[in-house]
There are 2 protein chains.
Amino acid sequence: MATDDLMSRALETLADDDPPSVEAIHRLVDLADIPESVTITEAADLLDVSPHTLRYYERAGLVAVARDGSGHRVYDTEAMRRLVFLTRMRLSGMPMRDLQHYVSLVDAGKETVPERLDMLIEHRDTIRRRIRELTLSLTATEYKIATYGGSTGPDVPSPDPTTS
Amino acid sequence: MATDDLMSRALETLADDDPPSVEAIHRLVDLADIPESVTITEAADLLDVSPHTLRYYERAGLVAVARDGSGHRVYDTEAMRRLVFLTRMRLSGMPMRDLQHYVSLVDAGKETVPERLDMLIEHRDTIRRRIRELTLSLTATEYKIATYGGSTGPDVPSPDPTTS
DNA sequence: CTAGGACTTCGAGCGCGCTCGAACGCAAAC
DNA sequence: GTTTGCGTTCGAGCGCGCTCGAAGTCCTAG
């Protein structure tokens, strides 16, 4: 595997491991082997996004990032932790808008925990629905490959070659 | 369930049926109980898209639709068959661009079957990757809900409440 | 001393997939 | 006959999430 970002590593772990084990999750979220602080390019590589995107997330108020003496961004463990969360949520389809709301709740203190949980639960359900949609589309696509006929079909109940 | 479009019905079938059976697929693709020809609004309802979107697909060259005496669109079984395919592919993330290419291959005749199969196989793999990504995000989200702590954490290997 | 390269801020632009609105046509209902 | 309603074409606009480019700063190597 060429890419070596955090998500790719986690997916690799997951590859022959379905459903994902707690092991996989631990591996996924293990920030221990990330340097204490990284540059924007290093952070971008780890997260498999572009530096442009990281600046964009910061501008959007999703994460605060410190600067060094030259004004360059310094991503510490806390920032990376949040960005791992953010990129995973983005990857699973949570809109920027919701993430902005979520981090505003985080910043507002622990009395917002229930609302945050609500958001997570709703997002979990959204992911589940999406997986079911994709699973159905996958099966249909595999079916079409297996019985392939042409036109826009087969898409018919029988693998009847006359519908080709 | 309020919605009664084709995809919803298929998903409903799928609900307590994992992995999807051939039964589910047959149900999904069964166009038998659709009228021989339908108006744009009826087609849109069946496909769970807007009439605007159907016109857009037609403008994009994805499907040809006949007209009645008044110039109104008439969706016959063949058009509906193609649209079922198109909307399913869209729902599973295939870009418009690729769909345009695909239908151009269909229109080009059966010597393009191998290339069409290549596209389907590649798309199948894309869906699989996407499902694995989502499955991982789902597990991470469930883990976070279960061990919920606050901040952007826990996202740590242990459900240690001090990381809240 | 200067050239290269990695970074900074800022605003603008882009690709995608719709989504909408204006202006119009046609046909049945009142 | 006019109102209602569903359709038509066309081009423009929008929301999203980046993505880019210009112009400048800073550090290091040669």
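None of these values were measured; they are calculated from a predicted model. In the text below, chain A, chain B and the rest are named by the order of the sequence lines, each starting its count at 1.
- Counting to the nearest Å, the P atom of dC6(D) and the CG atom of Asp45(B) are 12 Å from each other.
- Put simply, the side chain of Ser104(B) gets close to the backbone of His101(B): a donor and an acceptor are under 3.5 Å apart.
- The residue among His52(B) and Met96(B) whose nearest nucleotide of DNA chain C lies closer to the 5′ end is Met96(B).
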Show the numbers, then the answer: is there a salt bridge (charged side-chain N to carboxylate O under 4.0 Å, His left out) between Arg81(B) and Glu78(B)?
CA-CA 5 Å; Arg81(B) 187 193 306 285; Glu78(B) 186 50 32; 3.4 Å; yes
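- Side-chain N/O atoms of Thr39(A) include one lying less than 4.0 angstrom from OP1 or OP2 on dC7(C).
- In this structure, the CE atom of Met94(B) is 11 Å from the P atom of dG17(C), given to the nearest Å.
- Between the side chain of Arg124(A) and the main chain of Met119(A), no donor-acceptor pair closer than 3.5 Å is present.
- Looking only at atom types and distance, the side chain of His123(B) has a donor-acceptor partner in the side chain of Ser92(B) under 3.5 Å away.
- As a whole-Å value, the separation of Leu99(A) CG from dC18(D) C1' is 14 Å.
- Listed by residue number, the members of residues 54-73 of chain A with any heavy atom below 4.0 angstrom from DNA chain D are Tyr56(A), Tyr57(A), Arg59(A), Ser70(A).
- Inspection of the Thr87(A) and Arg90(A) side chains reveals no N or O donor paired with an N or O acceptor under 3.5 Å.
- Among the heavy atoms of the strands, none lies under 4.0 Å from Pro51(A).
- If you measure from atom CG of Leu47(B) to atom C1' of dG17(C), you get 17 Å, rounded to the nearest angstrom.
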Take Glu142(B) and Arg128(A) through the salt bridge (charged side-chain N to carboxylate O under 4.0 Å, His left out) test and state the conclusion after the steps.
CA-CA 11 Å; Glu142(B) 286 171 337; Arg128(A) 284 181 178 162; 2.7 Å; yes
